[in-house]
Amino acid sequence: MKFRSDPAKITGSIAPVVSPFHADGSPDPDGLRALIRWQLESGSHGISLGGSTGEPSAQTTAERAASIRIAAEETADRVPFVPGTGSAKLDETLELTSIAADAGADAVLIITPYYAKPTQEGLYQWYATVAREFPDLPVIAYNVPTRTAVDIAPETVARLRKDFGNIVGVKETTKDFEHFSRVIRAAGRDTLVWSGIELLCLPLLSLGGVGFVSATANLAPAATARMYEHWQAGEFEAARDLHFALHPVTDVIYTETNPAAAKWTLHQAGLIASPFVRQPLVPLTEAGQRKARELLALGAPVLEGPVAKIR
């Protein structure tokens with residue numbers, strides 16, 4: 001928890017690693033360790049798990065807890081560790097958040113509760129409960145309306161920021177770029193905002209965003225990290241070059257429902273033992289595999305290591 005006392009240092013490319021499973025569907029802890037090591041070796045600025053790319057709704061609380069502990073151990077304070085600990089149920093959210101806090105997480109991502117479709121007051125009370133329960137732990141709201149059917153209003157983010165010092169910001173996974181701007185204006189420019197939309201990662205930095213949690217980092221961690229580094233160094237054209245060069249790699253991720261294509265690619269690269277995804281997801285279809293190969297060929301200039309060798 002090296003960065004817990006200063007969450008403003010949780011910047012750059014925070015890689016949201018997939019959750020590897022064996023071919024029989026059981027968790028693959030060795031695969032998770034290997035993926036985190038590869039991310040760190042590739043230059044990712046932080047590690048996350050338990051977001052949409054990590055299939056949290058298909059895992060038990062015990063499985064998610066085990067992954068959190070493994071990731072914290074592997075990250076070992078070298079970079080920030082920001083696990084997703086949210087659920088559709090408050091008791092599970094509090095339990096996983098407590099486990100993450102004890103494991104040494106630097107902050108936690110709390111998804112808006114899905115399925116229930118709460119009002120803005122309901123969302124405020126949800127996050128207020130978590131913030132009160134863990135006053136010394138930085139809390140990041142995770143807004144992903146396409147997955148949860150609710151959208152945190154800028155005014156709600158502002159209210160939470162005003163009332164709770166440990167609610168430090170929001171991961172915005174919405175294609176409504178105007179929403180990013182309104183959140184920052186309403187909640188204050190010291191609000192920490194990360195993009196969860198791959199093609200808005202670079203644009204958000206121009207508004208004062210601090211980084212991104214991009215699924216593309218699963219396949220091109222080095223290039224995704226360098227894009228942020230170029231921007232911070234004032235090398236804007238180089239950052240834009242990488243932004244556009246990463247387009248086909250991002251398109252691989254969304255060939256079919258994420259993370260099926262990411263897992264297939266990582267398996268092809270020999271980075272995980274199996275491309276298994278849990279139901280209701282299904283493995284990448286043959287048509288999806290053909291499309292993924294075509295896109296990987298287009299993205300070859302920014303692919304490095306094992307992923308670059310896929311043909």
Side-chain angles (χ1 to χ4, degrees), residues 11-20 28 30-49 51 53-54 71 74-76 78-82 194-202 205 211-233 235-255 258-275 284 288-311:
T11 61
S13 177
I14 313 298
V17 296
V18 303
S19 297
D28 179 7
D30 291 336
L32 179 58
R33 289 183 185 279
L35 284 180
I36 292 172
R37 290 170 188 165
W38 182 58
Q39 286 290 336
L40 296 176
E41 291 165 1
S42 299
S44 288
H45 305 120
I47 298 294
S48 184
L49 48 72
T53 305
E74 286 296 329
T75 304
R78 287 175 285 178
V79 297
F81 173 48
V82 189
W194 298 261
S195 175
I197 295 293
E198 282 64 34
L199 299 188
L200 294 180
C201 289
L202 184 64
L205 299 181
F212 31 84
V213 188
S214 169
T216 306
N218 277 285
L219 307 186
T224 306
R226 284 200 304 271
M227 180 174 69
Y228 173 83
E229 291 165 3
H230 281 310
W231 178 270
Q232 290 300 106
E235 298 162 352
F236 304 130
E237 196 59 36
R240 282 190 287 268
D241 287 345
L242 280 172
H243 166 81
F244 290 115
L246 282 165
H247 272 225
V249 184
T250 294
D251 291 342
V252 171
I253 297 288
Y254 297 104
T255 300
N258 183 40
K263 283 190 160 183
W264 176 85
T265 304
L266 292 169
H267 175 60
Q268 292 295 307
L271 288 164
I272 57 176
S274 167
L284 195 63
Q289 292 173 24
R290 288 193 296 272
K291 183 63 175 177
R293 289 187 189 277
E294 293 172 5
L295 292 166
L296 287 167
L298 293 173
V302 292
L303 296 175
E304 299 177 21
V307 178
K309 299 175 183 178
I310 299 175
R311 295 292 182 268

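In this text, all values refer to a predicted model and were calculated from it rather than measured experimentally. These values consider heavy atoms only, across backbone and side chains, with no hydrogens, waters or symmetry-generated copies.
One finds the OG atom of S214 at 7.5 Å from the CG atom of L246 (value rounded to the nearest 0.5 Å). Here the straight-line distance linking atom CG of L303 with atom CD1 of I310 works out to 8.0 Å at 0.5 Å rounding. Here the straight-line distance linking atom CG of L298 with atom CD of E294 works out to 8.0 Å at 0.5 Å rounding. The CD atom of E237 lies 11.0 Å from the CG atom of L242; values are rounded to the nearest 0.5 Å. Remark: Y228 OH to C201 SG distance equals 12.0 Å, nearest 0.5 Å.
A donor-acceptor pair under 3.5 Å is absent between the side-chain atoms of H45 and the main chain of I14, judged by distance alone. In terms of modelled atom types and a separation under 3.5 Å, the side chain of Q39 and the main chain of P221 share no donor-acceptor contact. Checking side-chain atoms of N218 against main-chain N and O of P16 turns up a donor-acceptor pair under 3.5 Å. Remark: side-chain polar atoms of S19 are paired, donor with acceptor, to backbone N or O of G54 under 3.5 angstrom. With T75 contributing its side chain and A71 its backbone, the two residues share a donor-acceptor pair below 3.5 Å. Under the 3.5 Å distance criterion, the side-chain polar atoms of T53 are left unmatched by any main-chain donor or acceptor of L49.
In plain terms, the two heavy atoms of D28 and A273 that are nearest each other are OD2-CB, 4.1 Å. Taking both residues in full, the closest heavy atoms of E304 and A222 are given as OE1-CB, 3.6 Å, listed atom of the first, atom of the second, then distance. Residue P275 comes nearest to W264 through the heavy atom pair CB-CA, 3.9 Å, listed as atom of the first residue, atom of the second, then distance. The two atoms that bring A217 and A15 nearest to each other are CB-CB, 4.0 Å, heavy atoms only. The shortest non-hydrogen separation linking L219 to A262 is CD2-O, 4.0 Å. The nearest pair of heavy atoms linking G299 to V249 is CA-CG2, 4.0 Å.
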| message | Applying side-chain contact (heavy atoms from CB on, under 4.5 Å) to L32 and I36, what does each step give before you reach the verdict? | response | CA-CA 6 Å; L32 179 58; I36 292 172; 4.1 Å; yes
| request: Given salt bridge (Lys or Arg N to Asp or Glu O under 4.0 Å), test R226 with E229 step by step and report yes or no. | output: CA-CA 5 Å; R226 284 200 304 271; E229 291 165 3; over 6 Å; no
| task | Could you please spell out the steps behind the side-chain contact (heavy atoms from CB on, under 4.5 Å) verdict for F236 and H230? | result | CA-CA 6 Å; F236 304 130; H230 281 310; over 6 Å; no
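At least one side-chain heavy atom of L266 sits under 4.5 Å from a side-chain heavy atom of L35. Contact of the W231 side chain with the E235 side chain is not registered, since no non-hydrogen atoms from C-beta on lie closer than 4.5 Å. Counting heavy atoms from C-beta outward, F212 and E198 have side chains that stay 4.5 Å or more apart. In this structure the side chain of L40 reaches within 4.5 angstrom of the side chain of I47, judged on heavy atoms. The side-chain heavy atoms of W194 and V82, taken from C-beta on, include no pair separated by under 4.5 Å. Side-chain atoms of P306 and W38, non-hydrogen and from C-beta on, do get closer than 4.5 Å to each other. Within the 4.5 Å cutoff, no side-chain heavy atoms of M227 are placed close to those of S13.
Between F244 and H247, the two ring planes are tilted [angle within 30° to 60°].
Under the 3.5 Å distance criterion, with hydrogens and angles disregarded, a donor-acceptor pair is assigned to the side chains of T216 and T250.
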